[in-house]
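Reviewing the structure listed below.
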Amino acid sequence: MKHLMALALLMTSLTTLGNGLSDGVPEESASVLPADRDIPKDEFGKMVRQGQLIFSDTGQFARAYVGNDLSCRNCHLDQGRKAGSAPLWAAFLSYPAYRAKNHRVNTFAERLQECFRYSMNGKAPPLGDPVLVALESYAYWMEKNAKINPRLTERGFPQLQKPSSPPSYERGKIVYSNNCELCHGANGRGKRANDGHLAFPPLWGNRSFNWGAGMAQLDKAAAYIKTNMPLSLGGSLSNQDAWDVAYFMDGHDRPQDPRHTGSVDETRALFHHTQNSLYGHLVAGHVLGNGPVPQN
Amino acid sequence: MMNKTKYFERGKASLKALLFLPLTLGVHAESPQPRISTEGEGGGFSRATCAGCHGIEGDGNAAEGIPSLRGLPSTYLKEQLYAFASGERQSPVMSSIAQALSADGITLAASHYTQLRPLSRPLEAKDESANDLAVHGRWSENIPPCDDCHGPDGKGVGENFPALNGQPALYLENQLQAFKKGSRPSGPLHLMGNIAKKLSDADIRTLSVYYSGSSPMTGGQP
């Protein structure tokens, strides 16, 4: 009897896992998140709104800690709500957690610090800093008021099956020019709106995420792209196309990994010893991580 | 209530358009593609040709639902003129006019209007759902925020994403409906065709009023 129950439990967890694995697109109806107008009009609500502002326009509202043109919302879509783009509210539920990246248990606030250091190519706000308090308040408010669908695992990016052929820069370049260039530009620089605001974020070069960021890992980039890009057409690329274009994107140089020891080889050995990182590899005639970084 | 009739089917507009037809059509009205210029430097383009409907300064006409051309990207303007000429974007009057223009005329027209300072109105969401869609999208149906591609306040991005700010509500509504029905090409990567199909008539109405910068109480007029 006990065995049967364990088996049943195992089967359920396997099917839940299966949901995310198939083609990178969440199938069942996603959890329902609260709308902005539900933010309470009190002191706590003020902090929640501040967190949302930081999330949406990080360079403006947390300037001291940002070193590129990106905002949190560029990768965590729908202001951190959307399943399939590592939603903020689901992350809130998942910490403290052990992270292989730094070999210890991280609190949620510590996880936020990492985003500033790598994805935002900036500096980690000190623990207790109002920037972290605001972001944590926003995440908590969203999670607390969400109608969560317990059958779905909406945390993180859906894992994407390996491509049938190894990812290719040359094929990725074609996928890019057909599906991405329209918005992110021929040189990956992104585009500004007529009023000067950033409209389409840069994918590589000195104003994008640095080599330490999750998006610089092929598996994460491929999963994010498959699920969310081209904008509004998520799920339209084949798995192979998503891996190829991720390889093309991450096959360009970007700001140095802040853990750089002075040597690309050593930094690779210490922090990029994985098939998912092209750091330190020769791609399209260029050893990545060695500069020069394309300037915007 | 806003009058939903397509602007060129309406009496006043077609009369106006007729006035300009002889001026612009010449003998080549039936040729499906713009021809290489045989009409001297202008290639068939003169400001007066367009001014009849779009106004001397290219401001458009809110009551007729005729768009402003001011500051629109030249790539976009050219693409539209070619699409009118081929009939892919349907409009009886614009298709005759575009067919009468040579390639040079199309280039001249586009470079003229792209240089004019665009309209810019402060946008105010009278209706929360307009602001929700414009600024946040409706991701549960994979509808991105309009502002993601058209820029904050719909002021336009680069050569492919035209400004929406200040365009007549009636024009915007007609275009969204045309994308939805397929009487206008669905645009790069079919983005607009895909998105418009997911918008309800009410969404379309409320977004059109929002980006026009006009109050819904006056039927879409500023």
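Letters A, B, ... mirror the listed sequences (proteins, then strands); counts begin at 1. Bear in mind the structure is a predicted one, so any value in this text is a computation, not a measurement.
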Hey, could you give me the CG/OG distance between A:L33 and B:S140, rounded to the nearest 0.5 Å?
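If I round to the nearest 0.5 Å, the distance is 10.5 Å.
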At what distance, to the nearest 0.5 angstrom, does CG of B:L191 lie from SG of A:C183?
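Here the rounded value is 6.5 Å.
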Chain A contacts: which residues in residues 157-167 of chain B have a non-hydrogen atom closer than 4.5 Å to it?
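Those residues of residues 157-167 of chain B which have a heavy atom under 4.5 Å from chain A are B:V157, B:G158, B:N160, B:F161.
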Quick check: under 4.5 Å, non-hydrogen atoms only, which of residues 70-77 of chain B neighbour chain A?
none
Can you establish whether the number of heavy atoms outside B:K197 located under 6.0 Å from its atom NZ is more than 12?
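Yes, the 6.0 Å shell around NZ holds more than 12 heavy atoms from other groups.
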Heavy-atom neighbours of A:Y140 OH exceed 12 at 6.0 Å
no
Side chain from CB out, backbone as N, CA, C, O: work out which of these in B:I143 comes under 4.5 Å of a heavy atom of chain A, or both, or neither.
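Contact with chain A involves no heavy atom of B:I143 at all.
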Let me know if B:N194 has heavy atoms under 4.5 Å from chain A in its side chain, its backbone, both or neither.
side chain
My understanding is that only residues two or more places apart in sequence, or in another chain, count here; which of them pass ring pair (Phe, Tyr, Trp, His ring centres under 6.0 Å) with B:F179?
none
In chain order, what residues pass the ring pair (Phe, Tyr, Trp, His ring centres under 6.0 Å) check against A:Y169, with sequence neighbours excluded?
A:F248, A:H252
Using the rule given for side-chain contact (heavy atoms from CB on, under 4.5 Å), can you reason through B:D147 versus A:H197, listing the C-alpha separation, both sets of side-chain angles and the distance that settles it, and then say yes or no?
CA-CA 11 Å; B:D147 280 2; A:H197 280 89; over 6 Å; no
Can you tell which of A:L231, A:L233, A:N178 makes a side chain to side chain contact (heavy atoms under 4.5 Å, CB included) with B:L189?
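Only one option passes, and that is A:L233.
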Contact class of A:R73 relative to chain B, heavy atoms under 4.5 angstrom:
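Side chain only.
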Counting heavy-atom pairs under 4.5 Å with chain B, the top scorer among A:S56, A:G185, A:S232, A:A193 is A:S232
If every non-hydrogen atom of A:D195 is compared with every non-hydrogen atom of B:K155, which pair is closest and at what distance?
CB-CD, 4.4 Å
Can a donor-acceptor pair be found, under 3.5 Å and without considering hydrogens, that links the side chain of A:D78 to the backbone of B:W139?
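No, the answer is negative, given that no donor and acceptor are paired below the 3.5 Å cut-off.
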